[in-house]
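Okay, so here's the structure we're looking at.
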2 protein chains.
Amino acid sequence: MNANIIRPTPEPTLRRLPAYHRVLQRLLDRGRTVVSCTHIAEDLGLDSTQVRKDLAATGIIGKPKVGYAVPALIDSIETYLGWKNVTDAFVIGAGHLGGALLGYDGFKAYGLNILSAFDNDPAKIGTTIYGKDVLPMDKLPDLVERMHVGIGILTVRAASAHEVADIMVMAGIKAIWNFTQVKLQVAPSIIVENMDLSASLAVLSRKLAERNEVSVSPVIPL
Amino acid sequence: MNANIIRPTPEPTLRRLPAYHRVLQRLLDRGRTVVSCTHIAEDLGLDSTQVRKDLAATGIIGKPKVGYAVPALIDSIETYLGWKNVTDAFVIGAGHLGGALLGYDGFKAYGLNILSAFDNDPAKIGTTIYGKDVLPMDKLPDLVERMHVGIGILTVRAASAHEVADIMVMAGIKAIWNFTQVKLQVAPSIIVENMDLSASLAVLSRKLAERNEVSVSPVIPL
DNA sequence: TAGATTGTTAATCGATTAACAATC
DNA sequence: TAGATTGTTAATCGATTAACAATC
């Protein structure tokens with residue numbers, strides 16, 4: 001009955017695709033035309049069945065005994081992730097982090113094009129950061145509509161994060177890349193992806209703490 | 001036989017602890033002295049059993065019918081994550097992102113203290129970013145040893161990431177917070193935590209692409 | 001052809017969620 | 001006391017890994 005339910009691709013798969021893409025790009029640079037899952041898996045320290053399933057999610061079909069055509073596979077991943085058509089984005093919050101993202105030119109490869117930044121600080125409004133304008137927040141709704149911008153990159157302080165997110169949603173933003181540590185409660189139709197420094201740092205800190213606990217263990221005093 | 005094997009805390013648990021910490025901090029500010037799992041779970045949209053297990057991992061013991069003492073719980077999380085003692089770190093790579101991290105003052109709350117940055121670019125060496133020195137890479141080994149710095153935050157370009165990581169490890173760095181998209185192959189004793197923008201962006205991009213695929217579906221031309 | 005590799009189904013593993021006894 | 005909440009064991013769910021037939 002539920003045989004033809006389409007499951008969305010599991011998030012862990014989506015998260016691994018960029019790593020495959022990088023390996024493939026390097027192989028292409030070296031002139032390789034085909035590659036097997038085993039090869040990719042070994043390169044990244046993963047299980048080859050996992051790689052095969054991940055790649056299958058993008059719609060690519062391989063040849064038994066041969067493997068996958070490298071250019072076709074790169075194309076398949078890029079198409080699947082929507083990296084082939086450029087998507088415009090605004091940075092909301094022109095602080096240190098927001099500024100860094102404005103200056104990062106690696107987003108192009110992922111089809112992400114940051115147009116400009118928005119902020120409420122009069123000292124920042126009217127300036128440019130890495131050649132991109134810092135505009136006042138009240139211009140956001142108008143510009144989101146006129147330029148059909150779907151992605152907002154949220155880099156304000158935690159204290160104003162939710163208030164600003166609400167403004168973004170009302171302005172018509174469809175997806176929020178959330179660099180704050182605030183859990184955003186928004187309508188289910190809005191896509192929220194969290195880039196949580198504190199979560200990552202917690203893993204690092206704990207592993208370091210564990211390591212030190214072990215090394216500091218039973219020392220017999222003289 | 002294997003009844004007393006100590007399992008390390010699952011990573012998903014570690015990643016959620018900072019969110020609990022934030023909720024608790026807010027409750028403390030409002031003067032709340034006790035809190036139940038249900039309350040925290042509702043606030044964050046999680047399952048209450050999950051919250052209870054996560055908190056138990058930090059060693060806290062609650063009172064049936066009452067809940068947990070807020071200050072004790074905050075303390076338990078901070079101790080568990082090693083946030084109570086300050087850990088020094090170096091930023092390796094003084095580009096846009098490295099600079100942003102040097103300027104971010106939120107790390108203090110997580111016990112992370114960034115001392116200075118290292119870079120190979122003569123134009124950057126000798127300058128300061130947000131009051132912190134940019135030093136030449138060849139001074140890294142000496143300073144890691146003298147100042148007992150355990151954490152290196154890697155923010156160089158992908159092309160030199162692995163080479164620089166190897167230098168960090170040789171210099172005596174114990175944990176690498178890796179902001180590059182390169183999968184680092186280092187000794188198992190070295191802790192590596194990846195902060196992968198491309199993985200996060202892949203999830204966002206795909207969800208947005210899926211959404212558009214649906215909305216653009218069968219349109220009958222006139 | 002024989003062997004390597006894909007695609008797919010089954011088994012395992014680990015994390016989440018449900019159930020429930022213990023307890024303040 | 002009764003009810004709410006903890007702590008813990010059992011059931012469920014989803015992702016990873018293993019097994020294996022199909023195939024170039």
Side-chain angles (χ1 to χ4, degrees), chain A residues 2-17 19-20 23-24 27 32-70 72-73 76-77 80 183 199 202-203 206, chain B residues 2-17 19-20 23-24 27 32-70 72-73 76-77 80 183 199 202-203 206:
Chain A
N2 50 12
N4 49 7
I5 285 178
I6 302 164
R7 275 176 206 281
T9 307
E11 268 199 30
T13 293
L14 295 177
R15 297 190 159 269
R16 283 186 295 263
L17 290 175
Y20 303 153
V23 170
L24 291 163
L27 289 171
R32 284 284 302 267
T33 57
V34 289
V35 66
S36 71
C37 286
T38 324
H39 185 99
I40 299 173
E42 271 171 15
D43 201 341
L44 293 168
L46 301 173
D47 182 272
S48 70
T49 304
Q50 182 168 71
V51 175
R52 203 172 301 123
K53 282 196 172 174
D54 287 345
L55 298 180
T58 72
I60 193 81
I61 293 171
K63 285 205 186 79
K65 155 111 177 151
V66 180
Y68 304 85
V70 174
L73 190 44
S76 180
I77 292 172
Y80 190 70
K183 153 110 196 180
V203 177
R206 178 59 205 165
Chain B
N2 49 12
N4 49 7
I5 284 177
I6 302 165
R7 278 177 205 281
T9 306
E11 268 198 32
T13 292
L14 295 177
R15 296 189 161 273
R16 283 187 295 264
L17 290 176
Y20 302 153
V23 171
L24 291 163
L27 290 172
R32 285 285 300 267
T33 56
V34 289
V35 66
S36 72
C37 286
T38 325
H39 185 98
I40 299 173
E42 269 171 17
D43 200 341
L44 294 168
L46 301 174
D47 182 272
S48 71
T49 304
Q50 181 168 75
V51 174
R52 204 170 302 124
K53 282 198 173 176
D54 287 346
L55 297 180
T58 71
I60 193 80
I61 292 172
K63 285 205 187 77
K65 154 112 177 152
V66 179
Y68 303 86
V70 174
L73 192 43
S76 181
I77 292 173
Y80 190 70
K183 154 108 195 180
V203 177
R206 177 59 204 166

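Please read all numbers here as calculations on a predicted model, not as lab measurements. Per chain, numbering begins at 1; letters A, B, ... match sequence-line order.
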inquiry  = Base, sugar-phosphate or nothing for A:Ser36? Non-hydrogen atoms, less than 4.0 Å.
reply    = sugar-phosphate

inquiry  = Nearest 0.5 Å, please: how far is CG in B:Leu55 from OH in B:Tyr80?
reply    = 11.5 Å

message = What does the 5'-to-3' dot-bracket notation of DNA chain D look like when only Watson-Crick and G-U wobble pairs under 3.5 Å count, and pairs to other strands show as |?
response = ..||||||||||||||||||||||

ask   = Using a distance-only test with no angle check, is there a side-chain donor-acceptor pair under 3.5 angstrom linking A:Thr58 and A:Ser76?
value = yes

inquiry  = Name the residue from B:Thr49, B:Asp43, B:Leu44 that meets the side-chain contact (heavy atoms from CB on, under 4.5 Å) definition with B:Leu46.
reply    = B:Leu44

remark   = d(B:Tyr68 OH, B:Thr33 OG1) to nearest 0.5 Å is 15.5 Å

query = Does some side-chain heavy atom of B:Glu11 sit less than 4.5 Å from a side-chain heavy atom of A:Arg206?
reply = no

query = For the side chain of B:Arg15 and the backbone of A:Val203, is there at least one donor-acceptor N/O pair under 3.5 Å apart?
reply = no

Interatomic distance, B:Glu42 atom CD to B:Ser48 atom OG [nearest 0.5 angstrom] = 8.5 Å

query = Taking any atom under 4.0 angstrom from a heavy atom of chain A, which nucleotides of DNA chain D are the first and last to qualify, 5' to 3'?
reply = D:dA15 to D:dC24

key: Distance-minimising heavy-atom pair for B:Leu24 and B:Ile77   = CD1-CD1, 3.7 Å

request  = Select from A:Gly67 and B:Glu11 the residue whose nearest nucleotide in DNA chain C is closer to the 5' end of that strand.
outcome  = A:Gly67

Whichever of A:Cys37 and A:Lys65 has its nearest DNA chain C nucleotide further upstream toward 5' = A:Lys65

remark   = The answer to which of A:Pro64 and B:Pro64 contacts DNA chain D further toward the 5' end, by nearest nucleotide, is B:Pro64

